[in-house]
Number of protein chains: 2
Amino acid sequence: METPDAFRPLDRETKASERPGDHKDELRLWLRLLTCSTMIEREIRRRLREEFRTTLPRFDLMAQLEKSATGMTVGEVSQRLMVSNGNVTTVVAGLVEEGLVDKRPAPHDRRVQVLSLTASGRRQFRIMAERHEEWIADLFAGLGGADLPALMRLLGTTKQSIQGAIRRAGAEAEEA
Amino acid sequence: METPDAFRPLDRETKASERPGDHKDELRLWLRLLTCSTMIEREIRRRLREEFRTTLPRFDLMAQLEKSATGMTVGEVSQRLMVSNGNVTTVVAGLVEEGLVDKRPAPHDRRVQVLSLTASGRRQFRIMAERHEEWIADLFAGLGGADLPALMRLLGTTKQSIQGAIRRAGAEAEEA
DNA sequence: TGCAAGCATTTTAAGCTTGAAATATTTTTG
DNA sequence: CAAAAATATTTCAAGCTTAAAATGCTTGCA
């Protein structure tokens, strides 16, 4: 029943590979990564609400649309944002309501809806985006000169590692 | 609002100060960090659902309780998990329903509710936790030997940077 | 003692999120 | 060409999340 971590010989200096079955270091890394992104997200949410009376999902959606000159389909946006299709549908509904986003059927395929920012949406997004960029810079201001590129590189490796693991898991499920 | 950061003397010894108004690198870093944590979260959610028919919020809550021998209050859990009190209330309700968590008023203060895992909850959590640890190790398996501690260190610095920025913002709001 | 202030938790209202089922359209194929 | 498969989006039910208001309890202090 009880064998709390505190009572195991917990030698953090030992490499994970030397402790078969023990992956506590990776777990600690994940928790720290999660803490960082949660803290940033919460703070950005708070500021978007206080300063612009809007939400992070709406801001993220507008950010995607702003990058595209010709508009994007629901599917493209949902893939980029890594959220479900249905999610895009509901968030877009709110933005259309507010006159920030335009939604119209594609000319050649009536299944497809093309989304784009309205003039008003573009204007409002530009204002928010500038503040947002300042907030992010402020949140990362404590990183030294070499830290930023180093972290960028390590997160790039991490991203590839994650993608590889997910692909492996998918391939495994395929074999059934 | 009156004095946007861009117009203040930005003397923070960082690279950012040498490029007034341009913080694209920090933004890119944030997006990459967010991508990593979103991908991991999605995958863990998916596996928890498929393999154990449970959700990430429930797993996280149980993980907190498992660490404490004597039980935790709603407030403690909400602080650790960085979610609202109301959130803990609803997630706990589901877990109590399933007989995984026990909830009872504290003996000396009837405002306080003490939460703890039931025997069944503890048993089930142990099984899930072991798999969870494997999943995480797998997701980070692509990182080289030196990468893990390096990333750990950089994320530590990042965490402090974020906490500092949030504290500064809070202090600023205080002055009103 | 009595009551104001503070605290812990729950409730509420609104919005986000998901996976799966349903709908509508296009493409493939027999 | 027509049926079937594939694709894009929406709807649905369930659950998560939040901030703010409400509830119920404790504590400090006059």
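These figures come from a predicted structure and were not determined experimentally.
No side-chain N or O of Thr118(A) forms a donor-acceptor pair with one of Asp102(A) less than 3.5 Å apart.
To the nearest angstrom, P of dT17(C) lies 10 Å from CG of Leu61(A). For the pair Arg42(B) CZ and dT17(C) P, the computed distance is 12 Å after rounding to whole Å. Residue Arg45(A) contributes atom CZ, which lies 15 Å from atom P of dG15(C) at whole-angstrom precision. Between the P atom of dA19(D) and the CG atom of Leu56(A) lies a distance of 13 Å, rounded to the nearest Å. When the C1' atom of dA19(D) is taken as reference, atom CG of Leu48(A) falls 15 Å away, rounded to whole Å. The distance between atom CG of Leu95(B) and atom C1' of dC16(D), rounded to the nearest whole Å, is 13 Å. Counting to the nearest Å, the P atom of dT9(D) and the CE atom of Met72(A) are 11 Å from each other. The separation between Glu76(B) atom CD and dC7(C) atom P is 16 Å, rounded to whole Å.
Looking at the side chain of Gln113(B), the nearest of the listed nucleotides dT9(C), dT18(C), dT26(C) is dT9(C). When distances run from any side-chain atom of Arg111(B) to the nucleotides dG24(D), dA8(D), dT18(D), the shortest one goes to dG24(D). For Ser84(A), the side-chain atoms get nearest to dG19(C) when compared with the rest of dG19(C), dT11(D), dC16(C). Comparing dT11(D), dA24(C), dC25(D) by their nearest atom to the side chain of Thr89(A) picks out dT11(D).
Side-chain contact between Trp30(B) and Leu139(A) is absent, with no heavy atoms from C-beta onward closer than 4.5 Å. Side-chain contact between Glu76(B) and Gln64(B) is absent, with no heavy atoms from C-beta onward closer than 4.5 Å. Considering only heavy atoms from C-beta on, Glu43(B) stays 4.5 Å or farther from Trp135(B) through its side chain.
Place Val112(B) and Thr55(A) on DNA chain C by their nearest nucleotides, and Val112(B) ends up nearer the 5' end. Sequence order on DNA chain C of the closest nucleotides to Met82(A) and Arg110(A) puts Met82(A) first from the 5' end. For the pair His108(B) and Val91(B), both in contact range of DNA chain D, the more 5′-proximal nearest nucleotide belongs to Val91(B).
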query: Is there a salt bridge (charged side-chain N to carboxylate O under 4.0 Å, His left out) between Arg45(B) and Glu41(B) once you walk through the steps?
result: CA-CA 6 Å; Arg45(B) 256 178 229 280; Glu41(B) 235 184 274; 2.9 Å; yes
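Within the nucleic acid shown, Asn85(A) comes within 4.0 Å of at least one base atom, counting heavy atoms only. The residue Arg58(B) sits close only to the backbone: its heavy atoms come under 4.0 Å of sugar-phosphate atoms, none of a base. Residue Val83(B) is classed as a sugar-phosphate contact, given heavy-atom separations below 4.0 Å to backbone atoms only. At the heavy-atom level, Thr90(B) lies under 4.0 Å from base atoms of the strands shown. Using a 4.0 Å heavy-atom criterion, one finds that Gly75(A) contacts the sugar-phosphate atoms exclusively. Contacts of Arg49(B) with the nucleic acid, taken as non-hydrogen atoms under 4.0 Å apart, involve only primed sugar atoms and P, OP1 or OP2.
At dA8(C), none of the side-chain N or O atoms of Lys103(B) fall inside 4.0 Å of OP1 or OP2 (strictly under the cut-off).
Residues Phe125(B) and Met62(B) share a closest heavy-atom pair of CD1-CB, 3.8 Å.
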